[in-house]
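For reference, the structure is listed below as structure tokens.
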Amino acid sequence: MTRARTISEKILSAKSGIDAAAGDVVDCAVDLVLGTDASAPMAIDYFRRMEGDRLFDPARVLFSLDHYSPPNTPATRGFHAEVRDFAHRHGATVLDVGDGISHQVAAERGLVQQGDLVVGADSHTVTCGALGAFAIGVGSSELAAAMITGRVWLRVPETIAVVLRGSLAAGVAAKDAALALVAELGAEGANYKSIEFCGPAVGDFSVEERFVFSNLAVEGGAKTAIWPVDAATREYLRTRAAMRGDAATSDAGARVVREIVLDLSAIAPRVAVPHSPNSVVDVGAIAGTPIQMVFIGTCTGGRVSDFHEALAVLERAGGRIAAGVTLVATPASREVHDRLVADGTLARLEAIGAIVTTAGCGACCGTSGVIPGDGMNVLSTANRNFKARMGNATASIYLASPAACALAAATGRITDPREVVG
Amino acid sequence: MPPHIAGRARLLGDDVNTDYIITSKRKRDTLDEQILKRYLFETIDPAFAASVQPGDVLVAGRNFGCGSAMEIAATVILAAGVRAVLAKSFARSFYRNAINNGLLPIECDTNGVAEGDRIVVMLDHAVLTAENETRGETLVRVEVPALVDEILSAGGLVEHVRRRRG
Ligand code: SF4
């Protein structure tokens, strides 16, 4: 009998051609390489210094102009020109301004599938783990090395099993459960480690919700955060790409270093308070905190279901934005944008007074879009609330579910979203 | 290669994320580390950039370099003349980025180090040593994994990839 193995061990064994166990350092073949306008300019510089002359496989290299979307300084315009020019010369695909966030679009286009090894020069590349891939964030030099060689060296991570049980109450979102997980892990609880989701409630989560968990796992330090492949994964991919590859499953008895049981039934709406995504409280503890800016968007909370939820809550709460509140809505991708245009969601949000901005990262890290004013409190669907994250060091950023964000836009205060359950 | 680094300890706390090392906002204007180094740690210690000296060694708490994987966080530190970071632990992406650029990330207990202590770091035959000369203490002495030593000995990933391909 062969040794019981985790999903990470199986994928990295397949990619390295070695029967690899946690702790081994292996040289792996990469399926997809992602760069962004924030990381690719430096990677292009490393590419030259490494004397790279071509990409290992142009069809497997994707650059996304998402962080500066649109560019608002001469330098960022220059970064875009440089990335476009490089991609054009080497035959790689560019996702241009407004096409969306790199890992979101890679998933939407069916470029990421079960069992793949995805290397992205963006920490939230891990989001793609929702589709059963081993997806990791790297820096620009490793991006360049992977662009040239199609390979990356990796230490096979130990695995933390996150067991999902019970079911979320009405008004409680995947974001709340993911924030609970991040708080449980602390900022480095999963450092160097892989998270694998399992348990009886796994099948209750849509792929969009799985993205939220995998995305936020990075705030616990996780190297990767993988979901098992099931009917929901196959349905997500069905309309997007031909299925390929084998779904890796974790063997019974595979070694895990820690098991975290999340009892979903016991989770209340959560809010991460300034200035760390690991400082998480129940919404009741800070209800009433005045809010001057609400941001709905990003690779955590900028998908179709997030905007549907936000609009529904806003309408149930009176269909108006409270005086003194700026509501900014930024779809994570063009696909999200187009679907929200087609079903009227964006028009209704704009009619209420929301500022709808170009698809991409938007206001998430202060590189593009609306910047909070001095001393403002912001409630956001994003994943990070470090000081100065949104471009103003005097602002205080709180993180919550799309429903809680939308309700705060309507009331001007942090409010328990269970108060307006539909 | 950096076999020998000696300089003052510059203390930092726990969970210093890459946005605190250099804010994303500054990256909108330039990627030139020689300019960006003026804003090193500006969010958490506005006086730091003006006081940093070549040879200084950063001494931090837990989880140094967490958050974004942006590599410029490592290269801006190098541009400021810092060639080693001591911390109780590192976030994985920063750890890799540091090695890939020839910045030494050294995991050790940093509790006993005071601001300004003289720190000496050596990498010799794949053995990494860090000493607190002021207090006459060896902070750590470890063997470095072969692949990591190869990259560090090449001065970073650039030269390493060139050698492997050449
Ligand atoms: S939306 Fe925010 S967290 Fe996601 S990739 Fe963009 S900047 Fe990073």
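In what follows, chains carry the letters A, B, and so on, assigned in the order in which the sequence lines appear, proteins first and then strands, with residues in each chain numbered from 1. Everything numeric in this text was worked out from a predicted model, so none of it was measured. What you see below is based on every heavy atom in this structure, not just the backbone, and it leaves out hydrogens, waters and symmetry mates.
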Going by heavy atoms in the side chains, are [X] and [Y] under 4.5 Å from each other?
{"X": "Val152(A)", "Y": "Arg96(B)", "result": "yes"}
{"X": "Ser89(B)", "Y": "Glu188(A)", "result": "yes"}
{"X": "Asn100(B)", "Y": "Glu142(A)", "result": "yes"}
{"X": "Arg164(B)", "Y": "Thr149(A)", "result": "no"}
{"X": "Ile44(B)", "Y": "His275(A)", "result": "no"}
{"X": "Lys25(B)", "Y": "Asn392(A)", "result": "no"}
{"X": "Trp153(A)", "Y": "Ile151(B)", "result": "yes"}
{"X": "Tyr46(A)", "Y": "Val161(B)", "result": "no"}

Proximity breakdown for [X] and chain A, heavy-atom pairs closer than 4.5 Å:
{"X": "Phe94(B)", "result": "neither"}
{"X": "Asp29(B)", "result": "both"}
{"X": "Thr18(B)", "result": "neither"}
{"X": "Leu147(B)", "result": "side chain"}

Looking at every non-hydrogen atom in both residues, tell me the closest pair between [X] and [Y] and how far apart they are.
{"X": "Ile136(A)", "Y": "Arg92(B)", "value": "CD1-NH2, 4.0 Å"}
{"X": "Arg49(A)", "Y": "Arg162(B)", "value": "O-CD, 3.1 Å"}
{"X": "Ser123(A)", "Y": "Ser68(B)", "value": "OG-CA, 3.7 Å"}

Would you please say whether a donor-acceptor pair under 3.5 Å links the side chains of Glu71(B) and Ser141(A)?
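Yes - a donor-acceptor pair under 3.5 Å links their side chains.
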Under 3.5 Å side-chain donor-acceptor pair for Asn191(A) and Tyr95(B):
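Note: Asn191(A) and Tyr95(B) side chains miss the donor-acceptor criterion.
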Below 4.5 Å from any heavy atom of chain B, which atoms of [X] appear? Answer side chain, backbone, both or neither.
{"X": "Asn383(A)", "answer": "neither"}
{"X": "Leu143(A)", "answer": "neither"}
{"X": "Thr367(A)", "answer": "both"}
{"X": "Tyr68(A)", "answer": "side chain"}
{"X": "Ala121(A)", "answer": "neither"}

Contact leader toward chain B among [options], where contacts are heavy-atom pairs under 4.5 Å:
{"options": "Ala75(A), Pro74(A), Gly52(A)", "answer": "Ala75(A)"}
{"options": "Gly78(A), Gly366(A), Ala393(A), Ser368(A)", "answer": "Gly366(A)"}
{"options": "Val218(A), Asp122(A), Asn72(A)", "answer": "Asn72(A)"}
{"options": "Thr73(A), Ile148(A), Thr125(A)", "answer": "Thr73(A)"}

If you count heavy-atom pairs under 4.5 Å between each of Asp15(B), Thr43(B), Thr23(B) and chain A, which one has the most?
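Counting heavy-atom pairs under 4.5 Å, the top option is Thr43(B).
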Counting heavy-atom pairs under 4.5 Å with chain A, which one of Asp14(B), Leu157(B), Asn97(B) comes out on top?
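The residue among Asp14(B), Leu157(B), Asn97(B) with the greatest pair count is Leu157(B).
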Looking at [X], I want to see if its [atom1] is surrounded by more than 12 non-hydrogen atoms of other residues, nucleotides or ligands under 6.0 Å.
{"X": "Glu143(B)", "atom1": "CD", "answer": "no"}
{"X": "Arg54(A)", "atom1": "CZ", "answer": "no"}
{"X": "Arg135(B)", "atom1": "CZ", "answer": "yes"}

State the [atom1]-[atom2] distance between [X] and [Y], to the nearest 0.5 angstrom.
{"X": "Met390(A)", "Y": "Asp19(B)", "atom1": "CE", "atom2": "CG", "value": "12.0 Å"}
{"X": "Arg28(B)", "Y": "His67(A)", "atom1": "CZ", "atom2": "NE2", "value": "13.5 Å"}
{"X": "Phe79(A)", "Y": "Thr30(B)", "atom1": "CZ", "atom2": "OG1", "value": "6.5 Å"}
{"X": "Tyr192(A)", "Y": "Ser93(B)", "atom1": "OH", "atom2": "OG", "value": "9.5 Å"}
{"X": "Arg389(A)", "Y": "Asn17(B)", "atom1": "CZ", "atom2": "CG", "value": "8.5 Å"}

Are Thr76(A) and Lys27(B) close enough, and set up right, to give a side chain to side chain contact (heavy atoms under 4.5 Å, CB included), and what steps lead you there?
CA-CA 8 Å; Thr76(A) 49; Lys27(B) 288 172 56 195; over 6 Å; no
May I ask you to decide if Gly67(B)'s main-chain N or O and Arg384(A)'s side chain share a donor-acceptor pair within less than 3.5 Å?
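Answer holds: yes.
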